[in-house]
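Worksheet for the structure shown next.
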Amino acid sequence: MKAAIFEYARADSVAQACSLLAEYGADAKLIAGGQSLVPMMAMRLARPAWLIDVNRIAELKSSRRDGADWVTGAALRQADVERDGEAARAVPLIRQGLYWVGHVQTKNRGTVGGSLVQADPAAELPLVAQTLGARFVLRRTAGERTVSASEFFQAPMMTATEPDECLAEVRWPVWQGERIGSAFDELSIRHGDYAIVAACAQVEVDSAGRCVRAVLGIGGAAAVPVSVEAIARSLQGTQLEDAAIDAAVESIGQYLDPGSDVHATAEYRVHLARVLAARVLRQARANAAGGGRGSRA
Ligand SMILES: Cc1cc2nc3c(=O)[nH]c(=O)nc-3n(C[C@H](O)[C@H](O)[C@H](O)COP(=O)(O)OP(=O)(O)OC[C@H]3O[C@@H](n4cnc5c(N)ncnc54)[C@H](O)[C@@H]3O)c2cc1C
């Protein structure tokens with residue numbers, strides 16, 4: 001099918017995008033890479049009367065360190081962020097997650113902000129953002145607000161972004177330390193498909209190999225990505241030995257609420273979550289012990 005008729009406006013600044021959103025109201029939608037919105041329009045699942053293009057807004061393409069955060073502008077292309085060595089050193093999980101997203105072609109167009117606002121429960125970047133506790137800077141004509149990842153992701157394909165707001169940037173916490181490791185893994189039908197279940201973890205160990213900090217997240221097994229804080233906390237003070245990891249992830253099902261579909265039953269998704277959680281924790285431990293911050297998987 002073809003999209004319903006719409007009008008098009010290109011914004012040159014965030015202020016202009018916000019003013020157009022305020023003017024056209026719920027009939028308008030921002031368009032970034034178009035990799036989710038255009039197919040939805042073609043299937044008539046979305047019928048915006050106005051498309052407001054944010055692709056040429058320079059202030060949405062900033063990539064920088066700011067205090068304890070790595071900041072990515074919402075309109076940065078996923079491929080550019082994946083290739084950015086400085087970003088990968090600061091927050092390796094972003095690159096590790098992007099490895100699994102779609103294809104070279106979709107990443108050349110798709111943006112960081114588009115993926116986060118799209119908020120597919122099985123998408124990789126929302127999972128990384130939820131796991132690390134990223135913060136989202138939302139702008140509208142009347143001002144700006146910052147929301148945490150736990151407030152931002154509300155339901156499948158639904159975020160805290162109001163119809164007159166533009167996601168301007170995402171602030172990813174940078175962990176300081178010598179022995180930090182992270183890992184991302186998922187199972188999908190084919191590489192480039194959305195995950196059936198995805199998992200990511202980041203740990204910090206001390207010179208004796210003891211875990212001083214850990215985060216663990218699961219995607220595709222609830223309405224929004226889940227940061228499994230209780231399990232991550234229970235690993236603090238351990239050597240992250242295999243037995244400790246296996247015991248910790250045993251109860252993971254109680255923090256998830258997966259559905260069943262043609263690809264997998266809810267029970268199988270919980271099983272996958274347990275297996276992938278243990279795998280990323282082991283890989284993150286190995287990366288931390290090696291003094292590196294992360295590898296692809
Ligand atoms: C074949 C294929 C495979 C894919 N596989 C995966 C995959 O494995 N994993 C995955 O995560 N994704 C996958 N995707 C989706 C892809 O990552 C998209 O790029 C992403 O979901 C949307 O980003 P976009 O920039 O294209 O946004 P658009 O499609 O332009 O917009 C998506 C939504 O975000 C809103 N939006 C965009 N920018 C802003 C902003 N700055 N402020 C407020 N709202 C905004 C739009 O209004 C729209 O509602 C795939 C897509 C395709 C076509």
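Predicted, not measured: the structure shown is a model, and the values here were computed from it. Counting starts at 1 for both ligands and their atoms, following the listed order.
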**Message:** What protein heavy atom lies closest to atom 4 (C) of ligand 1? Include the residue and the distance to one decimal.
**Reply:** Gly102 CA, 3.8 Å
**Prompt:** Do the non-hydrogen side-chain atoms of Arg285 and Asp242 ever get within less than 4.5 Å of each other?
**Reply:** yes
**Item:** CZ/Arg65: more than 12 non-hydrogen atoms of other groups inside 6.0 Å
**Value:** yes
**Prompt:** Relative to the heavy atoms of Ala123, which atoms of ligand 1 are at a distance of less than 4.0 Å?
**Reply:** 11 (O)
**Fill in**
Correct closest heavy-atom pair for Arg89 and Pro92 would be O-CD, 3.9 Å
**Asked** In terms of atom number and element, which parts of ligand 1 are under 4.0 angstrom from non-hydrogen atoms of Trp100?
**Response** 8 (O)
**Item:** Nearest neighbour in protein (non-hydrogen) for atom 28 (P) of ligand 1
**Value:** Gly34 N, 3.4 Å
**Message:** Is it true that, when you exclude Arg145 itself, more than 12 heavy atoms of the residues, nucleotides or ligands shown sit nearer than 6.0 Å to its CZ?
**Reply:** yes
**Message:** Taking 4.0 Å as the limit for heavy-atom contacts, which would you say applies to Lys107 with ligand 1: side chain only, backbone only, both, or neither?
**Reply:** neither
**Prompt:** If you measure every N/O of Lys29 against every N/O of ligand 1, is any gap under 3.5 Å?
**Reply:** yes
**ligand 1 to Gly192 polar contact by distance, N or O atoms, under 3.5 Å** = yes
**Prompt:** Taking all non-hydrogen atoms of both residues, which atom of Leu93 and which atom of Ala183 are closest, and how far apart?
**Reply:** CD2-O, 3.5 Å
**Prompt:** Around Ile5, counting heavy atoms of other residues, nucleotides and ligands shown, do more than 12 lie under 6.0 Å from its CD1?
**Reply:** no
**Prompt:** Hey, does Glu165 come in under 3.5 Å of ligand 1, counting only N/O atoms on both sides?
**Reply:** no
**Request:** Number the atoms of ligand 1 from 1 as they appear, then name those within less than 4.0 Å of a heavy atom of Cys166, with their elements.
**Result:** 41 (N), 42 (N)
**Asked** Would you say Glu165's side chain and Leu138's backbone share a donor-acceptor pair under 3.5 angstrom?
**Response** no
**Complete:** Quick look: Ala74 vs ligand 1, heavy-atom contacts under 4.0 Å, and the answer is side chain
**Close N or O approach (Ile31, ligand 1; < 3.5 Å)** = no
**Asked** Is the closest N or O pair between Gly113 and ligand 1 shorter than 3.5 Å?
**Response** no
**Request:** Starting from atom 21 (O) of ligand 1, find the nearest protein heavy-atom neighbour and note its residue, name and distance.
**Result:** Ser36 OG, 2.7 Å
**Request:** Could you tell me whether ligand 1 has any atom less than 4.0 Å away from a heavy atom of Gln105?
**Result:** no
**Item:** Identity of the nearest option to atom 48 (C) of ligand 1, non-hydrogen atoms only, from Val112, Leu30, Leu127, Val14
**Value:** Leu30
**Request:** Measure the distance from atom 24 (P) of ligand 1 to every protein heavy atom, then report the residue, atom name and distance (to 0.1 Å) of the closest one.
**Result:** Gly33 N, 3.5 Å
**Message:** Among all the protein's non-hydrogen atoms, which is closest to atom 25 (O) of ligand 1, and how far away is it?
**Reply:** Thr111 OG1, 2.6 Å
**Prompt:** Quick one: nearest non-hydrogen protein atom to atom 26 (O) of ligand 1, plus distance?
**Reply:** Gln35 N, 2.7 Å
**Item:** Nearest-contact summary for atom 35 (C) of ligand 1 - protein heavy atom, Å
**Value:** Val117 CG1, 3.7 Å
**Item:** Residue Asp193 vicinity, atoms of ligand 1 by number, heavy atom under 4.0 Å
**Value:** 8 (O)
**Item:** Residue pair Leu21 / Arg140, side-chain heavy-atom distance below 4.5 Å
**Value:** no
**Item:** Donor-acceptor under 3.5 Å (Arg269 side chain, Ala264 main chain)
**Value:** yes
**Asked** Do you know the tightest heavy-atom contact between Ile52 and Ala11?
**Response** CG2-CB, 4.1 Å
**Request:** Write out the residue and atom name of the closest protein heavy atom to atom 31 (O) of ligand 1, then the distance separating them to 0.1 Å.
**Result:** Leu37 CB, 3.9 Å
**Item:** Any donor-acceptor pair under 3.5 Å from Glu267 side chain to Thr265 backbone
**Value:** no
**Asked** Do ligand 1 and Glu124 have nitrogen or oxygen atoms that lie under 3.5 Å from each other?
**Response** yes
**Asked** For ligand 1, which atoms, with element, lie under 4.0 Å from some heavy atom of Thr106?
**Response** 1 (C), 2 (C), 52 (C), 53 (C)
**Message:** Please identify which of these residues, Glu169, Arg135, Glu151, meets the side-chain contact (heavy atoms from CB on, under 4.5 Å) condition with Thr146.
**Reply:** Arg135
**Message:** Measuring only between side-chain heavy atoms, which start at C-beta, is Met158 closer than 4.5 Å to Phe153?
**Reply:** no
**Message:** Is there a continuous path of hydrophobic side-chain contacts, each under 4.5 Å between heavy atoms, that joins Leu30 to Val117?
**Reply:** no
